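Owing to the predicted nature of the structure, the values given are computational and were not obtained by experimental measurement.
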Amino acid sequence: MMNLFAKNLLACAVSAATISTAYAADPLQVYGKLNVSAQYNDVADESETTIQSNASRFGVKGDFDLGNDLQAFYTIEYEVDTGDAEKENFKARNQFVGLKGNFGLVSVGRNDTMLKVSQGKVDQFNDLAGDMKNVFKGENRMAQTATYMTPMFGDFQVGVTYVADGDSDQNAENGVSMAATYGDADLKQTPVYAAIAYDSKVKGYDTGRATIQGKIVGFVLGGMYQQQEKIDSGITDNGYLLSAAYGINDITLKGQYQDMDNKGDSWSVGADYKLAKPTKLFAFYTTNTWYDSGDVDDSYIGLGLEHKF
């Protein structure tokens with residue numbers, strides 16, 4: 001049923017994007033990306049090769065001018081798993097509707113929490129085997145949320161996400177995720193991006209996070225410190241992440257290391273080769289070490305292609 005709906009949604013979106021309608025002031029944008037890699041995976045002392053889909057996705061989004069400096073906006077996005085043998089390869093991502101104006105913006109629906117958003121672009125191996133979510137808690141996309149973000153005050157912005165106790169991952173508890181950010185996460189408008197964020201009772205954890213990333217003599221350097229506590233456990237874990245990237249013409253070299261108490265550590269190296277603005281080749285090597293499994297190392301080698309549309 002989910003697959004049928006998602007396929008119909010895509011067909012309708014493409015038709016709507018190519019046919020002029022009476023709602024010309026409500027432009028609908030179809031967007032997404034395919035990110036697929038050929039990988040050799042050595043996990044729990046067993047090896048296999050895979051053609052891996054790395055959070056490939058498609059979606060539709062748009063906005064509508066309501067007048068009086070007020071706009072409605074929306075996003076409906078699905079992950080597409082190209083490697084799912086059962087063909088049940090659609091998974092819900094961000095899906096929300098909202099209003100924005102001089103007061104800031106408000107949105108309701110399925111959405112990333114403010115703590116997750118606050119990471120910016122510090123994770124150089126996002127969606128791959130070295131993704132920070134494999135070591136750190138807090139990378140949450142929750143089903144029942146309401147989010148408010150203030151207008152920009154210079155380069156500062158504050159946001160808060162309320163997670164309803166009706167969300168099945170909330171164990172009948174309301175949760176709150178909040179963040180304050182400075183600068184541009186893409187580092188195009190400001191040379192530095194920084195954020196502090198906190199989750200209270202979100203998906204079973206209280207989590208605090210501080211993030212910084214900036215450009216220094218051609219390098220993009222990033223760091224994160226995180227403290228996380230499983231609710232009612234009394235155990236607090238601390239961790240950190242360091243990342244770096246350096247561009248040489250169309251090639252970007254990348255490296256990353258992260259560590260979390262009682263969980264494990266991860267290090268990754270890789271390179272991206274830009275073929276055109278929407279298309280790149282990439283390669284990576286990642287090793288994840290899990291402390292609770294006798295320091296077992298899982299390793300991944302991948303070569304892939306990404307195209308955005």
Side-chain angles (χ1 to χ4, degrees), residues 32-57 79-86 88-91 93 112 116 119-141 211 213 220-224 226 228 237 239-248 250-275 279-308:
K33 72 175 183 179
L34 286 167
N35 183 308
V36 181
S37 57
Q39 291 184 200
Y40 173 80
N41 310 315
D42 186 353
V43 178
D45 294 326
E46 295 187 5
S47 61
E48 68 173 352
T49 57
T50 57
I51 304 299
Q52 187 84 20
S53 179
N54 305 302
S56 298
R57 69 200 66 167
E79 180 176 331
V80 183
D81 186 352
T82 66
D84 192 321
E86 301 301 323
E88 297 297 323
N89 59 348
F90 286 99
K91 179 181 177 181
R93 288 177 58 87
D112 294 339
K116 180 180 180 181
Q119 71 158 277
K121 302 294 181 66
V122 74
D123 186 355
Q124 293 288 350
F125 293 86
N126 187 45
D127 295 330
L128 301 177
D131 192 310
M132 61 178 286
K133 70 182 180 183
N134 295 319
V135 179
F136 287 12
K137 295 295 183 180
E139 295 299 286
N140 298 318
R141 177 179 299 115
T211 305
Q213 189 175 36
V220 176
L221 302 177
M224 177 185 290
Q226 178 159 309
Q228 59 192 42
D237 295 328
Y240 66 92
L241 175 150
L242 300 171
S243 65
Y246 184 75
I248 307 172
D250 292 327
I251 298 174
T252 301
L253 304 176
K254 305 188 297 184
Q256 184 162 294
Y257 177 78
Q258 59 197 86
D259 180 270
M260 177 60 70
D261 295 343
N262 299 313
K263 176 62 176 180
D265 63 27
S266 174
W267 64 269
S268 302
V269 293
D272 297 343
Y273 177 64
K274 186 177 180 180
L275 298 172
T279 310
K280 70 177 182 181
L281 292 169
F282 62 92
F284 67 89
Y285 174 78
T286 292
T287 294
N288 297 329
T289 302
W290 309 120
Y291 301 152
D292 58 357
S293 301
D295 290 348
V296 171
D297 291 341
D298 296 339
S299 59
Y300 307 82
I301 301 174
L303 177 66
L305 175 66
E306 177 183 276
H307 179 74
K308 296 180 178 179

Nearest 0.5 Å, please: how far is [atom2] in [Y] from [atom1] in [X]?
X: S266; Y: Q258; atom1: OG; atom2: CD; answer: 4.5 Å
X: L275; Y: L305; atom1: CG; atom2: CG; answer: 7.0 Å
X: S243; Y: Q213; atom1: OG; atom2: CD; answer: 5.5 Å
X: N41; Y: Q52; atom1: CG; atom2: CD; answer: 6.5 Å
X: L241; Y: D265; atom1: CG; atom2: CG; answer: 11.5 Å
X: Q39; Y: I301; atom1: CD; atom2: CD1; answer: 10.0 Å

Non-hydrogen side-chain atoms of [X] and [Y] separated by less than 4.5 Å:
X: F136; Y: D237; answer: no
X: L128; Y: Y300; answer: no
X: F90; Y: V80; answer: yes

Quick check: does any side chain N or O of D298 sit under 3.5 Å from a backbone N or O of A44, one acting as donor and the other as acceptor?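 Between the backbone of A44 and the side chain of D298 there is a qualifying donor-acceptor contact (under 3.5 Å).
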
Could you check whether any side-chain N or O of T252 sits under 3.5 Å from a backbone N or O of Y246, counting only pairs where one atom can act as donor and the other as acceptor?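 Between the backbone of Y246 and the side chain of T252 there is no qualifying donor-acceptor contact (under 3.5 Å).
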
Contact list for residues 122-138, test salt bridge (Lys or Arg N to Asp or Glu O under 4.0 Å), sequence neighbours left out: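 Sorted result for residues 122-138: K33-D127, R57-D127.
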
Full working for side-chain contact (heavy atoms from CB on, under 4.5 Å) between W290 and N134: CA-CA 10 Å; W290 309 120; N134 295 319; 4.2 Å; yes

Taking all atoms of both residues into account, what is the closest heavy-atom pair of [X] and [Y], and its distance?
X: V122; Y: G223; value: CG2-N, 3.7 Å
X: A244; Y: L221; value: CB-CD2, 3.7 Å
X: D261; Y: D259; value: N-OD1, 4.3 Å
X: F125; Y: G270; value: CZ-N, 3.7 Å
X: D81; Y: S53; value: OD1-CB, 3.6 Å
X: N54; Y: S37; value: ND2-OG, 3.1 Å

The single option from Q119, R141, R93 passing side-chain hydrogen bond (donor to acceptor under 3.5 Å, both in side chains) against D112: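 So, applying the side-chain hydrogen bond (donor to acceptor under 3.5 Å, both in side chains) to D112 and each of Q119, R141, R93, only R141 qualifies.
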
How would you list, by chain and number, every residue that makes a side-chain hydrogen bond (donor to acceptor under 3.5 Å, both in side chains) with Q228, sequence neighbours excluded?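 Applying side-chain hydrogen bond (donor to acceptor under 3.5 Å, both in side chains) to Q228 gives Q226.
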
By ring pair (Phe, Tyr, Trp, His ring centres under 6.0 Å), which residues pair with Y40, not counting sequence neighbours?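 For Y40, no residue satisfies ring pair (Phe, Tyr, Trp, His ring centres under 6.0 Å) once neighbours in sequence are set aside.
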
Would you call D272 and K254 a salt bridge, using N to O less than 4.0 angstrom?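 Salt bridge present between D272 and K254.
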
Can D42 and S47 be said to form a side chain to side chain donor-acceptor pair (under 3.5 Å), step by step? CA-CA 4 Å; D42 186 353; S47 61; 5.6 Å; no

Test side chain to side chain donor-acceptor pair (under 3.5 Å) on Y291 and T289; report intermediate values, then the result. CA-CA 6 Å; Y291 301 152; T289 302; over 6 Å; no

